[in-house]
Each structure stands twice: as structure tokens, then as C-alpha cells.
Q: 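I'd like to ask you about the structure that follows.
When a ligand or atom number is given, it counts from 1 through the structure's own listing order. Start at 1 with the first residue, then count along the sequence.
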Amino acid sequence: MTHILAIETSCDETSAAVVRDGRDVVSSVVASQIELHREYGGVFPEMASRQHVIAITPVIRESLRRAEMALADIDAVAVVHGPGLAGSLLVGLNAAKALAYGAGLPLVGVNHIEAHIYANWIRSDPDGEVAPVAPAFPLVCLIVSGGHTELVHVTGHHEYRWLGGTVDDAAGEAFDKVARLLGLGYPGGPLIERAAAKGNPQAYDLPSSLRVAPYDFSFSGLKTAVLRQVQEVQRSQGTDVTNRGVRLADASIAPGQVDMPVADLAASFQYAAVEILAEKTVAAAAEYGATQIVLAGGVAANKALRVRLAELAPVPVRFPPIRYCTDNAAMVGIAAHYRFVAGLRSGLDLDVQPALLLVAER
Ligand code: KG4
Ligand code: ZN
């Protein structure tokens, strides 16, 4: 049996986990900073790294305590070294190095995007069975998170071919920005999803940009289309037009503006975003002969996306349980296992790589 202690601090979650044999989560601790960043409407990098400094040791201790293990029972220490916020990554990386050095354990550096993909390999966790059968290659994976939107063809462990990605905002970033515009709050994805459940997805015809390569995505036009609709509604009501002339990223209608059809706008935005993500993923799976479609990253928590992909796909679609879609160290330990058994190790000179890519050749 192989036990890996994994650490994740790339953005705003301080997380540690113990995983067994690359499939079973023995313990998983996630300390969220959402409350801390809420008043800024997004992650405030310096506060994120300082909060990691405070939380990292208790979180690691708690992951070992819940696993009923000591460092002597661990075979390797895994850590995300990129991509992510430099100051946040540094905290987890230095903690992992200290543990590896102090306990004489190998260190395995993990790419955060690869870790999201490997969340699909989880067989069980302390709550019980998750997915008995591991994903089969070749597969097409759509990784959609707050920082990334990538479509990759995966032919084996660590064998990636990059098919496309976003040319502007990441999918989760678009959800977050539209949620802020609609006065829904932070983080936007789950709030858009909740508002959309009460709205009509056909209420507004919001265009998704098709002027990008077949497997690339663009969300900035869709985001601007939502702002234009908001302004249109306000003009028709004779109310003040929201944030005329300011950058969309800073635009927001007054929270609780009662005459704004927020549910219909959220539903129409979600529909357009989901449609383009699902269509391109299914087309890629067909072109590359994938036996499965795998969904990963925070936006993979979105039920509309899961349902639409399953409707369109000619092959099985799989996705991790919601708690493993957003950032967590369990997925890091799972990904690290397949590196560890392949003999891949990192030196104690491993540096953070804030812009680390999953696939260098594009
Ligand atoms: O993977 P993640 O935790 O962090 C990054 O690596 O970026 O993803 C966070 C992103 C946020 O943008 C959040 O709004 C989005 O995932 N998200 C969702 C949902 N839950 C989280 N987007 C759409 N629907 C959801 N239910
Ligand atoms: Zn992530």
C-alpha cells in the first residue's frame, strides 16, 4: 500500500489530504477562505497567502489525525507547485519541502490542472464509495475552473494533447463576473446556478463567440451581452443605467434591484455558456475517438453542464463528486500517486510556477 500526504494552496483553499494507492481518499481537509475574500468580490492575493501561513500547519495535522497516521506511515509528500498565485503556492510548497526533508520522504510536485483531472480517479473517501471503476483511456477532458478552460485529449497517464482553451476569460471567471454584475455575490458559479433554476434559459438570446478555433472558447462577448441586456432593461424602465462607461469587471447592478429579471438573465447566461462548452467537448470526443468524456474543475460542479454533456455525448460522461470539483488536496494526492509509481520525483529545489501549463506544445 502506498500512502501520499498531499498539500494544495494554489489559490484560496488551504487543503491537505492522505490518499491510498491512487484511488482512495483516507482523509481530506479543506479550509476555505471564501468568507475572507467575499467583501472584495474575489480572491485578494496577499490576504490569501497570509491566511495559508496561518492555516497550513493545523490543516496538515488534521489530515494526519483523521487518517490516524503519522509521518512514519507516509510514503511521499505531494504538493501543487503551479499554476496559481505565487504567494499562495509558496506556502504549500515550503511546507511540503520541510515535511519531506524532515521525514526523509520523496517530494512529488503536481500540476494543479492535472490534479483536477485526477479527481475522477477517486474510488472511495471517508463517506463511502465514490466511483468503483477508474476512467479508461483514451478520453477527452474538459477542465473548467476559475482560472482555466482547457480541452485535452488524454491517451494515458501523463500523455496529454492540447486541443484548445479560452482566448479570454476562464469559464468560472465568466460565471463569477456575471454573478457580480447581477448583484448575486461571490463565488459566482453556485449563485448563478441557484438563480438560474428559477429563470427561463430562453428569455434572452445571448451570443457565444464562434470566431475562435474549433476547440477554443471565448466568454468575454457573452459577458458583455449580459451587461447590454441589463442596461437594455434599465433603459426600458427609465432607471439609471448600470455602470455606464466603467469596466465590466467592476460593473454591478444594485443588489436586490427588484425589477431586474436576474433569474432569467442568469438562466440565459448559464444556458449559453453550457451549450458552447458541451458542444465543443462532444465534437472533440467524436473527432479523437474518445471512449469517455471527463469533466474537471470548479465549474464541473454545475448540474446544467453535467446534464447537457450527458444528453449530447455518444460516450459515457464522468465527473467527480461536487466536493472534489473545487480545489482540494485529495485530487493532488491521487495525481501524485501516478507520478510516484512512474518513478517521478521532484528535488528540494522545486520552485513555484505560477503560469505552469499542462501541455507545453500548443
Ligand atoms: O477549481 P476551482 O475551485 O478553482 C480554480 O482552480 O480556479 O474553481 C472555482 C471556480 C469559480 O469560478 C466558481 O465560480 C466556479 O468554479 N464554480 C461553479 C460552480 N461551482 C463553482 N461554476 C458554475 N456552477 C457551479 N455550480
Ligand atoms: Zn482549481
Q: Heavy-atom contacts with H116 under 4.0 Å: which atoms of ligand 1 show up? List them by number with element.
A: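 Those of ligand 1 that fall under 4.0 Å from H116 are 1 (O), 6 (O).
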Q: Looking at E311, I'd like to know if its CD atom is crowded, meaning that more than 12 non-hydrogen atoms belonging to other residues, nucleotides or ligands lie closer than 6.0 Å.
A: yes
Q: What's the shortest distance from atom 24 (N) of ligand 1 to any protein heavy atom, and which residue and atom give it?
A: N302 ND2, 3.0 Å
Q: Note the single closest protein heavy atom to atom 3 (O) of ligand 1, along with its residue, its atom name and the distance in Å.
A: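 Heavy-atom neighbour on the protein nearest atom 3 (O) of ligand 1: D327 N, 3.0 Å.
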Q: Considering just N/O/S atoms, say which atom of D327 is closest to the Zn ion (ligand 2).
A: OD1
Q: Which residue holds the protein heavy atom closest to atom 26 (N) of ligand 1, what is that atom called, and what is the gap in Å?
A: E193 OE1, 2.6 Å
Q: Among G189, G147, G298, which residue places a heavy atom closest to atom 21 (C) of ligand 1?
A: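 Among G189, G147, G298, the closest heavy atom to atom 21 (C) of ligand 1 comes from G298.
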Q: So does E232 pair up with R228, basic N to acidic O under 4.0 Å?
A: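 Salt bridge: no.
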Q: What do you reckon, is CD of Q202 surrounded by more than 12 foreign heavy atoms closer than 6.0 Å?
A: yes
Q: Is any side-chain N of the basic residue among K223 and D168 closer than 4.0 Å to the acidic one's carboxylate O?
A: no
Q: Around atom 7 (O) of ligand 1, find the nearest protein heavy atom and jot down its residue, atom name and distance.
A: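 Closest protein heavy atom to atom 7 (O) of ligand 1: G146 N, 2.8 Å.
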Q: Where is the nearest protein heavy atom to atom 13 (C) of ligand 1: which residue, which atom, and how far?
A: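 The closest heavy atom on the protein side is D176 OD1, 3.8 Å.
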Q: Could you tell me whether ligand 1 has any atom less than 4.0 Å away from a heavy atom of H112?
A: yes
Q: Determine which of the N, O or S atoms in H112 is closest to the Zn ion (ligand 2) and give its atom name.
A: NE2
Q: Within 2.8 Å of the Zn ion (ligand 2), is there any N, O or S atom belonging to H148?
A: no
